[in-house]
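Residue numbers start from 1 in every chain, and the chains themselves are labelled A, B, ... in the order their sequence lines are given, proteins ahead of strands. Just so it is clear, the structure is predicted and the values come from calculations on it, not from any experiment.
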Amino acid sequence: LIAQEIRRAFEELSDEARAMVMLADVEELSYKEIAEVVGCPIGTVMSRLHRARKQLQGSLQAHAVQLGIIEEDDSELEDPIPLEAFRARKAAKS
Amino acid sequence: MTCKLVRRHLGAFVDGELDPASQIEFERHLEACAVCQEHLAFERSFHQQAREAIAGVHAPEHLWSRTLHRFDEIDSTRAERTSIEARPMRWRQTWPIAAAAAAVLIIGSVMGLPESTAYQGAGMLQDVVNLHSQALPSDVQAEAPQDVVRYFQGKTPFPVKPAQFAEPGMKFVGARYIKVGAHPAAALYYNRGGRRVTLLVFQSPEILRNAHRTHVGGRELFYYNVGSNVVTIRQHGGVNYAFFGDLDRPVLFQLAANARVAY
């Protein structure tokens, strides 16, 4: 049932998002390789893949929320905070 | 490092795509945060489920043709890069000579040995110190040694395989990618009767410059005395294999000499 739900959600992804998931999870390419294949920066790969996976998880989470296993968390759909920004803030504090 | 930051990068963490410094910070946080550990467990489980669920799904033809074309280009580039970087002369030009002394120093520190003045001042292998002092987990586990080979492809400029030992007591536990300063390296973990043995694989011909030299079982070995212990180094194909662990000196020499490091 979980696999069916994932496949259904996968088919609903945009072409771009499907490509990200396919290249990362099926072909197991590195982010750098994906960036080369699709012609975008690695940071973009990270954020697109994050969004795509969260969309997939969303369908499963909806079931889990209905069952009361987890709480809804909208923040997960936000883009990743750049680690560079985190490091810059950390350096500024120290 | 906040929970929010960690959770939003868990995907990259599971994919092994964080830089080593971030990886260590993430692992520190995860060790102390039970909630994030649950998120990590979910993320790992989901990656596996997703991989299995869509394994039979076919990508659009245009994507595959473009991807396959890029695979060929990437493979060609990687092959050229590996052959270039494996040449000692080439990377002698690009690697700091200080790496050699630093490596020895930190290896000594890792073992919790008394500091020697000869080994002071180095910081390049601080990642290795952290790795051991915090007992960070492996990136790849022992259940599938072939995954180790695959894991390090593209990460290190040299192929990495778990060394094989004739001694049945030596059990491969796992491995992780680290950086020695700015340079890629592989840490391979073994267990011998409850004692940890670590094999650090890296490139630095200069590290052997001041090393003692001996032969054990017909095999040339280099070594440094560090306190009452010893770091034993084998060299093969321009790659150094540094053995160290909580073992008696003769045992470590025998292990290093008899190990199959390239096969």
First locate atom CG of A:Asp25, then atom CD of B:Gln49, and finally report the distance between them rounded to the nearest 0.5 Å. 12.0 Å
Sorted by chain and residue number, the side chain to side chain donor-acceptor pair (under 3.5 Å) partners of B:Tyr151 (sequence neighbours excluded) come out as B:Asp139
How would you list, by chain and number, every residue that makes a side chain to side chain contact (heavy atoms under 4.5 Å, CB included) with A:Glu12, sequence neighbours excluded? A:Arg8
Nearest 0.5 Å, please: how far is CG in A:Leu13 from CD1 in B:Ile54? 8.5 Å
Portion of A:Leu49 that has a non-hydrogen atom of chain B nearer than 4.5 angstrom: side chain
Are the side chains of B:Glu17 and A:Lys32 in contact, using a 4.5 Å heavy-atom criterion? no
Which pair of heavy atoms, one from B:Ala53 and one from A:Arg7, lies closest together, and at what distance? O-NH1, 2.9 Å
Closest non-hydrogen atoms of B:Asp15 and A:Arg53, given as atom of the first, atom of the second and distance, are OD2-NH1, 2.8 Å
Closest non-hydrogen atom pair, A:Lys54 against B:Glu43: NZ-OE1, 3.6 Å
